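Have a look at the structure below before the remarks.
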Amino acid sequence: TTLTLDPGACVTAEVVADEQYKAIHTAVCGADDSDLILATTTPDMTGCADHQYLRLSAPSTGVDCFTLDIKPGDCVDGNYLKTSCSGAAFMVLNIEPGPGNSESCTDTAGATHWVPVGRNPVQVGCLGPPRDS
């Protein structure tokens with residue numbers, strides 16, 4: 001990302017052709033256009049724990065470790081970015097304590113995936129197929 005962000009800042013994101021996430025612009029956390037929240041920055045990729053963060057290169061700080069800015073009822077596409085529920089790949093069914101492991105979301109009916117959510121502390125978002133409304 002080329003944005004200058006402090007931990008806790010939220011951004012709208014997109015996935016570019018090489019399947020890499022790109023932060024587009026800042027957003028109000030919790031808003032419909034807020035996809036990611038900056039959990040922390042680190043000098044290199046190893047500072048973002050595997051499967052707990054989305055890692056985006058940041059020229060001035062090294063690596064930005066993002067989680068998803070989602071809540072129960074939100075719908076996301078196949079890249080876990082917010083989208084309308086019609087045609088969405090997943091719906092957020094539940095939020096659990098993090099940081100996440102093989103036992104995450106096993107108690108949430110219908111959950112097929114877990115993703116990192118929020119910061120201080122990082123939590124787990126339990127995702128499943130969108131439900132008919």
Side-chain angles (χ1 to χ4, degrees):
T1 180
T2 56
L3 300 173
T4 302
L5 304 168
D6 292 322
C10 290
V11 297
T12 297
E14 69 178 2
V15 175
V16 292
D18 59 358
E19 298 185 7
Q20 297 295 310
Y21 287 82
K22 180 179 179 183
I24 304 300
H25 56 79
T26 58
V28 174
C29 293
D32 289 344
D33 66 342
S34 175
D35 293 308
L36 306 175
I37 183 170
L38 179 58
T40 188
T41 57
T42 182
D44 58 48
M45 288 289 188
T46 59
C48 298
D50 284 342
H51 308 296
Q52 293 178 21
Y53 300 102
L54 297 173
R55 299 176 246 203
L56 279 68
S57 295
S60 61
T61 57
V63 178
D64 287 339
C65 307
F66 284 93
T67 64
L68 300 177
D69 184 27
I70 54 177
K71 63 187 179 314
D74 284 347
C75 291
V76 295
D77 63 19
N79 295 310
Y80 310 113
L81 300 178
K82 288 181 186 173
T83 190
S84 69
C85 289
S86 62
F90 304 102
M91 175 181 271
V92 182
L93 304 175
N94 190 24
I95 302 291
E96 294 183 355
N101 58 42
S102 62
E103 299 298 313
S104 295
C105 300
T106 55
D107 292 334
T108 298
T112 58
H113 294 72
W114 68 266
V115 293
V117 177
R119 68 180 287 270
N120 287 339
V122 172
Q123 298 175 304
V124 172
C126 303
L127 306 180
R131 297 178 178 155
D132 294 329
S133 22

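Quick note: residue numbers are just sequence positions, from 1. Predicted, not measured: the structure shown is a model, and the values here were computed from it.
- Residues Leu5 and Phe66 form a side-chain contact, since some pair of their non-hydrogen atoms from C-beta on lies under 4.5 Å apart.
- No donor-acceptor distance shorter than 3.5 angstrom exists from the side chain of Asn79 to the backbone of Leu81, with no hydrogens or angles considered.
- With hydrophobic clusters built from ILVMFWY side chains whose heavy atoms lie under 4.5 angstrom apart, Phe90 shares a cluster with Val117.
- Residues Ile95 and Pro72 form a side-chain contact, since some pair of their non-hydrogen atoms from C-beta on lies under 4.5 Å apart.
- Side chains of Thr112 and Pro129 form a contact here, defined as non-hydrogen atoms less than 4.5 Å apart.
- Side chain of Thr106 to main chain of Glu103: a donor-acceptor pair is present (N/O by atom type, distance under 3.5 Å, no hydrogens or angles).
- Of all non-hydrogen atoms in Thr83 and Val76, the two that sit nearest each other are CG2-C, 3.6 Å.
- Each of Asp32, Leu36, Val92, Ile70 was scored for a side-chain contact (heavy atoms from CB on, under 4.5 Å) with Lys82, with one residue passing: Ile70.
- Surrounding CG of Asp6 are at most 12 heavy atoms belonging to other residues, nucleotides or ligands under 6.0 Å away.
- The side-chain hydrogen bond (donor to acceptor under 3.5 Å, both in side chains) check on Ser104 picks up nothing, with sequence neighbours excluded.
- Residues Asp33 and His25 have side chains in contact (heavy-atom distance under 4.5 Å, counting atoms from C-beta outward).
- When every heavy atom of Gly30 is checked against every heavy atom of Lys71, the shortest pair comes out as O-NZ, 4.4 Å.
- For the pair Glu96 and Trp114, the minimum side-chain heavy-atom distance is 4.5 Å or more.
- Between Tyr21 and Asp35, the closest side-chain pair of non-hydrogen atoms is not below 4.5 Å.
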